[in-house]
Amino acid sequence: MVPRQEFTREMAELHDSVIELGVLVNERLVGCVDTIQNEDAKTARRKIKEGEKIIELERAINNKSINIITKQQPVATDLRVIISSIKVSYELLRISENISNLYKVRKRTIIDNDKLIIRLRTMEKLAHLMLVDVKTAYDEQDIALLKEIIDRDSDIDALFVQITTSDVFDMPDSFITGQSQLAAKYLERIGDHIKSISYQVHFVLTADHLK
Amino acid sequence: MTPDTKIETKNIKKQNIVSSTDAGTLSNDNRKNVFSSKNFNLWYGDNHALQDINLDFKENDISAIIGPSGCGKSTFVKSLNRMVELVPIVRTEGQIIYKDRDIFEKSFTKEELRTKVGMVFQKPNPFPKSIYDNVAYGPRVHGIKKKKILDEVVESSLRDAAIWDELKDRLHENAYGLSGGQQQRVCIARALAIEPDVILMDEPTSALDPISTIKVEDLMKELKKNYSIIVVTHNMQQAARVSDTTAFFYEGYVVEHDDTNVIFENPNDKRTEDYVSGRFG
């Protein structure tokens, strides 16, 4: 008889739920900048609505984690995985909220400045690649890749600084300027949350906090 | 048992010949050792039950010993006060040092050793006597006759065992009339009455209910201020809750000995992790 079959099954379910949450958040992220320049606001409204599923899944992961801790009294790697599942799912929820905020920008206005859109789209792509690579680093236990992902957040930060401080975008309308800077801020925050997930994955893999 | 575990345990003896020498020694701690075993081996007849045990136990620590049934943890603890020698076919090699003296030296009698090293067993084992006589038994054997001194020893031992307030008006009742948890704390008081330095505990709460267990655990944390405690336990959570260091025994070897936090959060050996997480044993 395999010992602790139910515990092993519950841990596998928890793992799958966190991966599912990551996939759903990534799907919400991809194309969000295209949506804020889209004539039709319906997509933005639908995407905002879809954020509710992320909230439900994050709560389910928390409840599942608490339940496993209560019933199974995990230690060592198991406990790290559970605690990190709670933290990672929270970071994914925060990413999702920032994505919703981006879609809300579209409900208020259309941003169609090409120079600006190119940079926002680059920020989105960088964030998307970071998120995908975190999953790869976890699957392959690649510590070097995790450190690289953490460093790559500075690329997103640099674009944010450029958008908020440069006057090359020729933005005549102060309201649109403000909304553009908010969009950039949301993407910059998404990068920060992915960086936090990388730290958490590093803790799961090594039991050590990356400085 | 998972396939991984099979592979791990299959090669255990070979791995431990290399690792057990260092497995038990904790570094960066300047406190004195109350007990040190050095290349300690024990046989029951032809059965090599303990193999090259090298362990240091620091004073005023609670040191837990964990491991599956038959791994040698109780045998090792009973070696520390030489109780294991009650088994006629036992043979030992190596050293167990108690405060700079080898306990197997001819000049170090078992009686002298056992005044320094008290023991509490799995099941409460009070004598069929009054609570007072149970606690006063050890001091009387050591020649204390004066009632005033015995009264003081009984009171201070029961106070140290955190049971004085419950029993001070029942001292002359038979100890068998107490609850299991109370009996066990009386047994702890009886061990304290001879003023030992070390208290050995062999699964001291396995026969107790959860409330009594917590009381004994709280008592252990209080006692470590004045005593060193070495406790064998099958209860992983208990080892995690009460101990400062934990040694994991497997098939007569010490697989890993480290701070309890390390053993339960990030053990170095996969067998330790598998055991503490309940995946084998």
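Chain letters run A, B, ... following the sequence lines, proteins first and then strands; every chain starts at 1.
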Side chain to side chain contact (heavy atoms under 4.5 Å, CB included) involving A:A207 - partner list, sequence neighbours excluded: A:R80, B:N266
For A:F203, ring pair (Phe, Tyr, Trp, His ring centres under 6.0 Å) partners two or more places apart: A:H209
B:E273 portion near chain A, given a 4.5 angstrom heavy-atom threshold: side chain
Mark yes when over 12 heavy atoms from residues, nucleotides or ligands other than [X] sit less than 6.0 Å from its [atom1]; otherwise mark no.
X	atom1	value
A:R59	CZ	no
A:K87	NZ	no
A:D16	CG	yes
B:Y44	OH	yes
B:K221	NZ	yes

Contacts of B:K123 that satisfy salt bridge (Lys or Arg N to Asp or Glu O under 4.0 Å) - sequence neighbours left out: none
Least distance between heavy atoms, A:V75 atom then B:V276 atom: CG2-O, 3.3 Å
B:S277 OG to A:Q72 CD distance, which is reported to the nearest 0.5 Å: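 Going from OG on B:S277 over to CD on A:Q72, the span is 11.0 Å.
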Intermediate values then yes/no, side-chain contact (heavy atoms from CB on, under 4.5 Å), A:T77 and B:E265: CA-CA 7 Å; A:T77 304; B:E265 290 172 13; over 6 Å; no
salt_bridge(B:D274, A:R4) N-O dist < 4.0 Å: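 So B:D274 does not pair with A:R4 through a salt bridge.
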Residue-level interface, residues 116-146 of chain A with chain B, non-hydrogen cut-off under 4.5 Å: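 Heavy-atom contacts from residues 116-146 of chain A to chain B are absent.
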